[in-house]
Student: 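Dropping the structure in here first, questions after.
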Amino acid sequence: MPELPDVEGFRRVLAEHAVDARVRGVDVTDTGVLRGTTPAALDRALAGQRFTEPRRHGKWLLAGTGGPTVVMHFGMTGSLLWCAGDEPRHPHDRVIFRLDRGELRFRDSRKLQGIRLAENDDAVDRLLADTGPDALSIGRGEFDALLTGARRRIKALLTDQSALAGLGNLLADELLWRVGVHPARPAGELSEDERARLYDEMRRVLRAAVRAGRVPPREGWLTGVRDERDAPCPRCGGPLERTRTAGRSTVWCPRCQPR
DNA sequence: TTGCATGTTCCGGA
DNA sequence: GTCCGGAACATGCA
């Protein structure tokens with residue numbers, strides 16, 4: 001279910017367990033998650049290398065070695081786990097990085113995204129060339145400039161990874177609900193005050209979610225009720241509205257978020 | 001059995 | 001060119 005906070009959690013898994021560990025080898029049990037590389041190329045590039053401090057940009061996780069970098073994207077169902085012992089492999093463990101202290105496992109059922117191999121930092125830059133600024137790093141001024149003059153719907157803009165990297169469907173709904181902005185309003189139509197509050201809420205929600213390592217279904221948040229049929233708005237108690245556009249579900253409160 | 005799922009990409013139409 | 005919705009990708013779950 002990865003949005004920025006989940007990927008940040010996976011980054012911590014790498015940072016805690018894999019940094020400085022030597023890679024013994026890479027096992028690929030399903031090539032369906034490899035993008036532009038092969039099991040042999042992955043193993044050849046990584047065996048003997050040591051992971052350096054991992055980085056995250058938006059929903060991308062970058063596991064560098066000083067040489068090649070493993071570039072991971074988790075789609076909707078991916079995750080990264082550390083297994084120190086000999087826990088049996090899960091059927092969805094598609095790629096296993098065998099390190100000298102244990103295993104790092106890329107687990108993913110739907111295989112909507114996967115693992116790429118960047119030979120050097122230039123190749124990493126090329127992979128991320130179309131990705132916008134990270135939602136946790138973007139400054140207030142840059143965020144403001146992004147929205148000002150944009151004619152697109154605010155939700156479409158917030159979830160467009162080439163505009164702003166890291167927010168997904170749940171986070172976008174959560175933020176707009178908190179700020180009281182209807183998801184279909186043109187981004188450029190938001191007031192100075194709405195833009196300011198949206199930025200502040202984005203930072204607040206992201207910080208809390210990063211601490212949890214996921215987008216938490218928390219009481220008092222929209223996330224806490226969005227999966228319940230007929231659940232009332234946690235703020236005003238009124239009925240929530242639900243629609244689908246382009247395959248994405250949208251939940252909002254027509255009272256708190258007028259058109 | 002059918003519909004739905006927190007992601008991205010590609011395509012056609014307005 | 002811009003924006004939007006739908007389909008596709010592959011799989012599990014209610």
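Per chain, numbering begins at 1; letters A, B, ... match sequence-line order.
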Student: Less than 4.0 angstrom from a charged side-chain N to a carboxylate O is my criterion; do A/Arg89 and A/Glu103 meet it?
Tutor: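 Yes, this pair counts.
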
Student: Atom CH2 of A/Trp60 to atom C1' of B/dG7: distance rounded to whole Å?
Tutor: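 In whole Å, B/dG7 C1' and A/Trp60 CH2 are 10 Å from each other.
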
Student: Hey, can you pull the residues of residues 159-179 of chain A with a non-hydrogen atom under 4.0 angstrom from DNA chain B?
Tutor: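 The answer is A/Gln161, A/Gly168, A/Asn169, A/Leu170.
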
Student: Is A/Thr31 reaching over with its side chain to a backbone N or O of A/Leu34, donor-acceptor style, under 3.5 angstrom?
Tutor: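 Such a contact is absent between A/Thr31 side chain and A/Leu34 backbone.
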
Student: With under 30° as parallel and over 60° as perpendicular, where do the rings of A/Phe51 and A/Phe97 fit, or are they tilted in between?
Tutor: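 A/Phe51 and A/Phe97: perpendicular rings.
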
Student: Once you apply the 3.5 Å cut-off to both distances, tell me the Watson-Crick or G-U wobble partner of B/dC11, or none.
Tutor: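 For B/dC11, the partner nucleotide comes out as C/dG5, under the 3.5 Å rule.
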
Student: With both distances under 3.5 Å as the test, what is the Watson-Crick or G-U wobble partner of C/dA10?
Tutor: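 With both distances under 3.5 Å required, C/dA10 matches none.
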
Student: Measure CG/A/Asp130 against C1'/B/dT8 and give the value in whole Å, please.
Tutor: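 Answer to the nearest Å: 12 Å.
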
Student: Could you please spell out the steps behind the side-chain contact (heavy atoms from CB on, under 4.5 Å) verdict for A/Trp221 and A/Val205?
Tutor: CA-CA 10 Å; A/Trp221 289 30; A/Val205 168; 4.1 Å; yes

Student: Going from CZ on A/Arg98 to SG on A/Cys83, what distance comes out if it is rounded to the nearest 0.5 angstrom?
Tutor: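 Spacing of CZ (A/Arg98) from SG (A/Cys83) equals 14.0 Å.
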
Student: Please measure how far the P atom in B/dG3 lies from the corresponding atom in C/dG6, and state the result in whole Å.
Tutor: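 15 Å, rounded to whole Å.
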
Student: Between A/His73 and A/Trp60, what is the ring plane arrangement, given parallel below 30°, perpendicular above 60°, and tilted in between?
Tutor: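 Ring orientation of A/His73 relative to A/Trp60: perpendicular.
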
Student: To the nearest Å, how far apart are A/Met76 CE and B/dC4 C1'?
Tutor: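 Distance, rounded to whole Å: 9 Å.
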
Student: Looking at every non-hydrogen atom in both residues, tell me the closest pair between A/Phe74 and A/Pro2 and how far apart they are.
Tutor: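 Looks like CB-CG, 3.4 Å.
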
Student: Indicate, with a heavy-atom threshold strictly under 4.0 Å, whether A/Thr77 touches base, sugar-phosphate, or nothing.
Tutor: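 If one applies the 4.0 Å heavy-atom cut-off, A/Thr77 turns out to touch nothing in the nucleic acid.
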
Student: What is the distance, to the nearest angstrom, from the CZ atom on A/Arg242 to the P atom on B/dC4?
Tutor: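 Checked: the CZ to P distance equals 12 Å.
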
Student: Which residues, if any, of residues 221-234 of chain A bring a heavy atom under 4.0 Å of DNA chain C?
Tutor: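 Those residues whose heavy atoms fall under 4.0 Å from DNA chain C, taken from residues 221-234 of chain A, amount to none.
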
Student: Give a yes or no on this: more than 12 heavy atoms of other residues, nucleotides or ligands lie within 6.0 Å of atom CG of A/Asp125.
Tutor: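 Result for CG/A/Asp125: enclosed.
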
Student: Would you say that more than 12 heavy atoms from the other residues, nucleotides or ligands in this model lie under 6.0 Å from the CG of A/Asp193, or not?
Tutor: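 Enclosed.
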
Student: Can you give one letter per nucleotide of nucleotides 7-14 of chain C, going 5' to 3': B for a protein heavy atom under 4.0 Å from the base, S for sugar-phosphate only, - for none?
Tutor: --BBBS--

Student: Is any side-chain N of the basic residue among A/Glu174 and A/Arg178 closer than 4.0 Å to the acidic one's carboxylate O?
Tutor: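 Yes, charged N to carboxylate O under 4.0 Å.
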
Student: In this structure, how many angstroms lie between the C1' atom of B/dT6 and the CG atom of A/Leu206, rounded?
Tutor: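 Result: 14 Å.
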
Student: To the nearest Å, how far apart are A/Lys155 NZ and B/dT6 P?
Tutor: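 Distance check: A/Lys155 NZ to B/dT6 P gives 8 Å.
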
Student: Any carboxylate oxygen within less than 4.0 angstrom of a Lys/Arg side-chain nitrogen, looking at A/Glu189 and A/Arg185?
Tutor: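 Yes, A/Glu189 and A/Arg185 are salt-bridged.
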
Student: How many whole angstroms separate atom NZ of A/Lys59 from atom P of B/dT9?
Tutor: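 These atoms are roughly 10 Å apart.
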
